[in-house]
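Report on the structure given below.
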There are 2 protein chains.
Amino acid sequence: MAAIELFAEQGYHATKTRDIAARIGMSTGAMYAHFRSKEELLFEISLTGHERGFAALAGPTEAGATPSDELAAMVRAFTTYHATFHTIAKIVHYELYGLTEEHLARVLEVRHRTSAWIEDAIRRGVAAKVFSVPGVSAVARALLSLCVDVARWYREDLGETPAQIGELNAELALRMVGAERA
Amino acid sequence: MAAIELFAEQGYHATKTRDIAARIGMSTGAMYAHFRSKEELLFEISLTGHERGFAALAGPTEAGATPSDELAAMVRAFTTYHATFHTIAKIVHYELYGLTEEHLARVLEVRHRTSAWIEDAIRRGVAAKVFSVPGVSAVARALLSLCVDVARWYREDLGETPAQIGELNAELALRMVGAERA
DNA sequence: GTCTATATTTCGATAGAC
DNA sequence: GTCTATCGAAATATAGAC
């Protein structure tokens, strides 16, 4: 979708319906056959992006994995997602104030689910005495920062693949939680 | 400044000159005695914020400090800055696309100075063999993420002081660079 | 479904009185 | 310097022909 690129490049409010129309080679009038308003378009992008981000984070969990492997896999996948879909992720994290109150509530639910998921992973490692952290939720927040902020600075022409950034962040995450190493 | 709060709360483009006027209890006409345009207002906030951020990062360097103490002090101060002035920092990091080309170039120079500063600190630790990192600039980027992203989620009613977040991030930074501990 | 044309609103910025 | 009033441009969204 052209709107995704534009919202991410310039921000939601800076993007005009004419810009979107021009990029896809349509008139503004024709676009309104596909969605009711600009905010609805933002909400659809935002909610889908939130759900896919959570799916990326929650996907790699395997039964029987060690807390370290589990956390590394989560950070690796969540980071890779934020690099690969950095345009959508920018909208997800920086365009919340463009949503209506009802739509905002919908995406906040997903955000809460996301942070709870990573907190639980840390908590399991602490319980198993393989992690040592200054505070579970504070470190969870820091790990989310590490993953999420990738969307702010990542560009395809950086010479680094999303997978490489993911691998780096997985390693850093294990260091941050003080994981005992094999 | 009222504009700072509004730009940070809703974004630059979402903030109307009438909103700013209303918050400070002035008319829009009266405001234009104080600045030439909305973009000029954004630029002033952005440049000042950038410079103060760099000053916070570069301030704590002391002669004779160990690489670990030095890096910890930098991350502590830079994080504390981003929590304390999270409204300004939001503008600094998320409202770059609202600037004119000339003004953008000015702030990009400060940003480059900032990342170079933290890279150098890591490089000194690696040279002294007290840090062990997967890559100097990649880890520098990650450290910046950790500090900068604080501005995205910090709120005063969180029950945590900026200094506490700063202390946490300083500890996490030392873990990330694999600093040898006393 | 897409076009051209336009209705309607709202924006940033200015004019002129005080 | 601040006010009221307003200009001119630009925005979202709609109307009606094809």
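Letters A, B, ... are given to chains in the order of the sequence lines, protein chains preceding strands, and every chain is numbered from 1. Heavy atoms only: backbone and side chains are in, while hydrogens, waters and symmetry mates are out. Owing to the predicted nature of the structure, the values given are computational and were not obtained by experimental measurement.
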Readout for nucleotides 2-18 of chain C: B = base within 4.0 Å of protein heavy atom, S = sugar-phosphate only, - = neither; 5' to 3' it is SBB------BBBB----
Regarding B:K38 and the six-membered ring of B:Y12, is the cationic atom NZ or CZ under 6.0 Å from the ring centre and inside 45° of its axis?
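Geometry flag: set, cation within 6.0 Å and 45°.
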Using a strict 4.0 Å threshold on nitrogen-to-oxygen distance, state whether [X] and [Y] make a salt bridge.
X      : Y      : answer
B:R141 : A:E160 : yes
B:D149 : B:R152 : yes
B:R106 : B:E101 : no
A:E119 : A:R124 : no

Using a 4.5 Å cut-off on heavy atoms from C-beta on, say whether the side chain of A:F7 contacts that of A:K90.
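The answer is no; the side chains never approach within 4.5 Å.
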So if I take residues 3-11 of chain B and measure heavy-atom distances to DNA chain D, which residues fall below 4.0 Å?
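Correct list: empty, so none.
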Tell me whether the rings of B:W117 and B:F54 are parallel (<30°), tilted (30 to 60°) or perpendicular (>60°).
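Taking B:F54 first and then B:W117, their aromatic rings stand perpendicular (interplane angle over 60°).
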